[in-house]
Amino acid sequence: MSSDAIRAALVQRLRISSGISDEDVSAILALPISVKQYAAERSVVSDGQRATDCCLIAEGFCVRSKTIADGRRQILSIHIPGEIPDLMSLFLHVMDHDLVTLTPCTLGFISHETLRKLHFRRPNVAEIFWRDTLIDAAMFREWIVNVGQRPAPARLAHVMAELRERLKIIGRAQTNSFEMPLTQEQIGEAIGITAVHANRVIRQLREDGVVDLHRGRVTVLDEAKFQELADFDNRYLHQSPAT
DNA sequence: TCATTAACTGAGG
DNA sequence: CCTCAGTTAATGA
């Protein structure tokens, strides 16, 4: 994939969620960016590492995660094309978690130096990136509530509902079907249950005619049941800049 | 390797 | 007694 396509993915997302101006778009499109291909399940930046670039996902899915002493891993967030999962590293240089590819990915790296200069030259872009980081924090709050308080089937449904909403923004989800390329082990790591229990939960949702998850693709079987279970309110994604 | 399922267990309501 | 969820183990795709 060309680096133009990578920039386009970012701009498409920022246009919708931040109301970015054409001039700011041009400034972003002119940034030097280094494109790299990653296989699935590869570390992009690790906990404790000093980051010198920010990573823009052009193609594929990534997760952010932390691993505890006994080796168990918590998945903290799922990331899709057009996002910059490690934007915070621009100011927090030493990573406090891992960024890992889930699927084969095309990633674009923009140096901190470049981004810093852009911030001085274009305060509007700095504001947009700040806003993006705050939305990221809002998503973490929602994730905590989800994992901490909802029963397992609702937890899974909520993660699915959020992913659908975000994929829709970049034109990659239909209402009743979208990609969710996590193994059952990874689903367990995301919502705090074992892989065996993840399997039970998925089966239950399928048997109840709510939603099906098969080979990394979600199919909503009953929209009303799905919404009720997921208890999803998209306000925390703050998609319209005006409000 | 990943997904599936059963059987058993214990916590907690 | 019931639901939820972890563990173990066997088996299938």
Side-chain angles (χ1 to χ4, degrees), chain A residues 36-47 57 59-81 83 85 97-107 139-167 172-233:
Chain A
K36 289 178 192 156
Q37 302 291 333
Y38 279 72
E41 305 272 6
R42 291 290 192 283
S43 171
V44 181
V45 267
S46 309
D47 200 343
I57 304 174
E59 187 56 58
F61 286 68
C62 293
V63 292
R64 285 192 279 172
S65 63
K66 274 177 96 89
T67 301
I68 61 174
D70 69 4
R72 283 187 297 180
R73 180 170 79 142
Q74 176 68 47
I75 289 177
L76 304 163
S77 57
I78 302 169
H79 294 280
I80 63 173
E83 295 183 342
H97 59 274
D98 301 308
L99 175 62
V100 186
T101 63
L102 218 46
T103 63
C105 283
T106 305
L107 304 179
M139 287 166 52
F140 277 123
R141 288 191 287 275
E142 198 67 24
W143 193 279
I144 290 167
V145 171
N146 193 44
V147 172
Q149 301 301 328
R150 291 196 177 92
R155 260 182 254 176
L156 179 55
H158 192 277
V159 167
M160 288 170 165
E162 183 197 288
L163 189 61
R164 176 173 73 174
E165 200 77 0
R166 287 161 56 211
L167 286 170
R172 295 214 184 203
Q174 292 155 309
T175 301
N176 60 351
S177 175
F178 54 95
E179 256 186 287
M180 181 164 162
L182 280 76
T183 64
Q184 294 184 354
E185 179 73 40
Q186 291 161 345
I187 286 169
E189 289 172 328
I191 64 176
I193 60 176
T194 61
V196 171
H197 195 53
N199 182 275
R200 283 197 285 246
V201 169
I202 292 163
R203 174 157 66 128
Q204 193 202 313
L205 292 180
R206 180 166 41 232
E207 282 171 355
D208 292 349
V210 179
V211 70
D212 192 14
L213 176 58
H214 186 63
R215 291 203 202 196
R217 177 156 284 272
V218 177
T219 306
V220 177
L221 302 173
D222 184 320
E223 182 63 30
K225 280 187 195 168
F226 178 63
Q227 295 223 11
E228 152 112 62
L229 182 66
D231 184 28
F232 179 76
D233 180 338

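Just so it is clear, the values below take in all heavy atoms, side chains as well, and ignore hydrogens, waters and symmetry mates. Just so it is clear: chains get the letters A, B, ... in the order the sequence lines come, proteins before strands, and each one is counted from 1.
Side-chain contact check for A:Q204 and A:D208: at least one donor-acceptor pair (N or O, by modelled atom type) lies under 3.5 Å. Residues A:S77 and A:R64 have side chains that bring a donor and an acceptor to within less than 3.5 angstrom of each other.
A salt bridge between A:E223 and A:R164 is present, with a side-chain N of the basic residue lying under 4.0 Å from a carboxylate O of the acidic one. Between A:D231 and A:R150 a salt bridge is recorded (basic side-chain N to carboxylate O distance below 4.0 Å).
For the segment residues 181-191 of chain A, residues with any heavy atom less than 4.0 angstrom from an atom of DNA chain B are, sorted by number, A:T183, A:Q184. A heavy atom closer than 4.0 Å to some atom of DNA chain B occurs in no member of residues 64-79 of chain A.
Phosphate proximity of C:dA5 to A:T194: absent, as no side-chain N or O sits under 4.0 Å from OP1 or OP2. Remark: A:N199 is in phosphate contact with B:dT4, judged by side-chain N or O atoms under 4.0 Å from OP1 or OP2.
When A:L107, A:V44, A:I57, A:I80 are each tested for a side chain to side chain contact (heavy atoms under 4.5 Å, CB included) with A:P85, only one passes: A:I57.
Counted within 6.0 Å of CZ on A:R72, heavy atoms from surrounding residues, nucleotides or ligands total 12 or fewer; the atom is thus considered open.
Note on A:G216: nothing from the nucleic acid sits closer than 4.0 angstrom, heavy atoms only. Note on A:R155: only backbone sugar-phosphate atoms sit closer than 4.0 angstrom, heavy atoms only; bases stay farther off. Residue contacts shown for A:A195 are absent, as no nucleic acid heavy atom lies under 4.0 Å away.
Qualifying salt bridge (Lys or Arg N to Asp or Glu O under 4.0 Å) partners for A:R203, counting only residues two or more places apart in sequence or in other chains: A:E207. A:R200 is linked by a salt bridge (Lys or Arg N to Asp or Glu O under 4.0 Å) to nothing, counting only residues two or more places apart in sequence or in another chain. With sequence neighbours left out, the ring-ring contact (aromatic ring centres under 6.0 Å, His included) criterion links A:H158 to A:F232.
Of all heavy-atom pairs between A:I187 and A:I202, the closest is CD1-CD1, 4.1 Å.
Looking at A:Q74, its side chain does come within 3.5 Å of a backbone N or O of A:E189 through a donor-acceptor pair.
With the nearest nucleotide of DNA chain B identified for both A:R203 and A:E41, A:E41 has the one nearer the 5' end.
Atom-to-atom, CD of A:E207 to C1' of B:dT4 comes out at 12 Å; the value is rounded to the nearest Å.
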B/S/- along nucleotides 7-13 of chain B (protein heavy atoms under 4.0 Å) is B------
